[in-house]
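Heads up, the thing below is written out as structure tokens.
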Number of protein chains: 2
Amino acid sequence: MKTNDAVTALAALAQESRLAVFRLLVRNAPDGLTAGVIGEQLALPAPTLSFHLKALALAGLVTTAQEGRYVRYRAEMAGINALIGFLTDDCCGGRPGLCSPKDW
Amino acid sequence: MKTNDAVTALAALAQESRLAVFRLLVRNAPDGLTAGVIGEQLALPAPTLSFHLKALALAGLVTTAQEGRYVRYRAEMAGINALIGFLTDDCCGGRPGLCSPKDW
DNA sequence: GCGTTGTTTCGATATTGTTGGAAATGTGAA
DNA sequence: TTCACATTTCCAACAATATCGAAACAACGC
């Protein structure tokens, strides 16, 4: 993962509505939810939600699947996992034992 | 961790300079670095760096320690750990086996 | 086809974040 | 005390992002 990818992913999550969308999809993994259901659950107007879902998809944090009239969104676990790895890369100069072991 | 705390932490990391600062401090954990060294390594003007370090500190991702004329910054592992936990909370409705086990 | 429903794009506005020079603050050394 | 150095605050210009109504687009049932 490159720095720019990480910034994109972090920026996608660094917004209240998008973070709520992502966490809702994580709770509903791996089935996912349709856009309409997400909007209903989080009380977001359709254009606003669409804007945010697009950002999450571009960041590689959710995937989309057309299902007839509906579009199903799913949390992309590989995306969040790559992000976490990037954040903790080379921790303590490669000697992770220097950090509290039970935390890592 | 509350939603607002998570948004603050994610926003702090969702910026190229701040992300670079944080990762530099992670690599140099647990010793940390002084502001001047960070600015030198990343080629950031002092006011800009100070602005970013403040954001990281407010987000609970770095700690500060006055050392004479210098101020030493350290990555706060507990902060990043809490953030990661928040992101993956209640994964798959509490049945994490539904996600790829090797990823989690 | 035609109306209905689900989703996205467009557009205009409001809000917030980033940047770095100049100046101020704080700390230690001479 | 005076100087030098490290860091922060202040400020103003600039850039990026959030919001949501109206309209457009897409897919299904009749």
Can you check the [X] [atom1] to [N] [atom2] distance for me, whole Å?
X        : N       : atom1 : atom2 : value
Leu56(B) : dT18(C) : CG    : C1'   : 14 Å
Leu44(B) : dT8(D)  : CG    : P     : 13 Å
Tyr70(B) : dT7(D)  : OH    : P     : 7 Å
Glu40(A) : dT7(C)  : CD    : P     : 11 Å
Leu33(B) : dT7(D)  : CG    : P     : 11 Å
Leu42(B) : dT19(C) : CG    : C1'   : 16 Å

Pairs under 3.5 angstrom only: tabulate donor-acceptor contacts from the side chains of residues 53-68 of chain A to other protein residues two or more places apart or in another chain.
| residue | atom | partner | partner atom | Å |
| --- | --- | --- | --- | --- |
| Gln66(A) | NE2 | Gly68(A) | O | 3.2 |
| Glu67(A) | OE1 | Arg72(A) | NE | 3.2 |
| Glu67(A) | OE2 | Arg72(A) | NE | 3.0 |

Worksheet item: Are Tyr70(B) and Leu42(B) joined in one hydrophobic group, where the rule is that I, L, V, M, F, W and Y side chains link up if heavy atoms are under 4.5 Å apart?
Response: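 No, because Tyr70(B) and Leu42(B) fall into different hydrophobic clusters, even though each may have its own neighbours under 4.5 Å.
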Practice prompt. Following the transitive rule for hydrophobic clusters with a side-chain heavy-atom cut-off under 4.5 Å over Ile, Leu, Val, Met, Phe, Trp and Tyr, establish whether Val71(B) and Phe51(B) coincide in one cluster.
Written response: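 As far as the 4.5 Å side-chain criterion goes, Phe51(B) and Val71(B) are not connected within one cluster.
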Worksheet item: Of all heavy-atom pairs between Leu49(A) and Gly39(A), which one has the smallest distance, and what is that distance?
Response: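 Shortest heavy-atom contact: CD2-N, 3.4 Å.
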Discussion item. Looking at every heavy atom in both Met1(A) and Ala82(A), which two are closest together, and how far apart are they?
Written reply: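 Shortest heavy-atom separation between Met1(A) and Ala82(A) comes out as SD-O, 3.8 Å.
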Determine all donor-acceptor pairs shorter than 3.5 Å in which one atom belongs to a side chain in residues 20-38 of chain A; sequence neighbours excluded.
| residue | atom | partner | partner atom | Å |
| --- | --- | --- | --- | --- |
| Arg23(A) | NH1 | Phe86(B) | O | 2.7 |
| Asn28(A) | ND2 | Leu24(A) | O | 2.8 |

Worksheet item: Do the side chain of Thr8(A) and the main chain of Asn4(A) share a donor and acceptor less than 3.5 angstrom apart?
Response: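 The answer is yes, because a donor-acceptor pair under 3.5 Å joins these two groups.
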Discussion item. Going by the rule salt bridge (Lys or Arg N to Asp or Glu O under 4.0 Å), which residues pair with Arg74(A) if we only count those two or more places apart in sequence or in a different chain?
Written reply: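 Checked Arg74(A) against salt bridge (Lys or Arg N to Asp or Glu O under 4.0 Å); zero matches.
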Discussion item. I'd like to check Asp5(B) versus Leu83(B) (side-chain heavy atoms, cut-off strictly below 4.5 Å). Are they in contact?
Written reply: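 The answer is no, as the side chains (C-beta and beyond) never meet within the 4.5 Å cut-off.
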Fill in: Value rounded to 0.5 Å, distance of CG in Leu87(A) from CD1 in Ile80(B)
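Atom-to-atom, Leu87(A):CG and Ile80(B):CD1 are 4.5 Å apart.
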Pairs: protein N or O with nucleotides 8-12 of chain C N or O, under 3.5 Å:
| residue | atom | partner | partner atom | Å |
| --- | --- | --- | --- | --- |
| dT8(C) | OP1 | Tyr73(A) | OH | 2.5 |
| dT8(C) | OP2 | Ser50(A) | OG | 3.2 |
| dT8(C) | O5' | Ser50(A) | OG | 3.3 |

Item to complete: Work out how much the helix from dG1(C)-dC30(D) to dA30(C)-dT1(D) bends between its end axes, five pairs an end, to the nearest 10 degrees.
Response: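 It works out to 30° between the end axes.
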Tabulate below the donor-acceptor pairs under 3.5 Å that side-chain atoms of residues 10-17 of chain B make, not counting sequence neighbours, or state none.
| residue | atom | partner | partner atom | Å |
| --- | --- | --- | --- | --- |
| Gln15(B) | OE1 | Ser17(B) | N | 2.9 |
| Gln15(B) | OE1 | Arg18(B) | N | 3.1 |

Worksheet item: What is the per-nucleotide protein-contact pattern of nucleotides 25-30 of chain C, from the 5' end, where B denotes a base atom under 4.0 Å from a protein heavy atom, S denotes such proximity for sugar-phosphate atoms only, and - denotes neither?
Response: --BS--
Worksheet entry | Residues Thr48(A), His52(A); criterion side-chain contact (heavy atoms from CB on, under 4.5 Å); working and verdict | CA-CA 6 Å; Thr48(A) 301; His52(A) 290 313; 3.7 Å; yes
Discussion item. Under 4.0 Å, heavy atom to any atom of DNA chain D: which of residues 7-20 of chain A qualify?
Written reply: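 Here the set is Gln15(A), Arg18(A).
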Worksheet entry | dT19(C) phosphate, OP1 or OP2, under 4.0 Å from His52(B) side-chain N/O |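 Yes, His52(B) has a side-chain N/O under 4.0 Å of OP1/OP2 on dT19(C).
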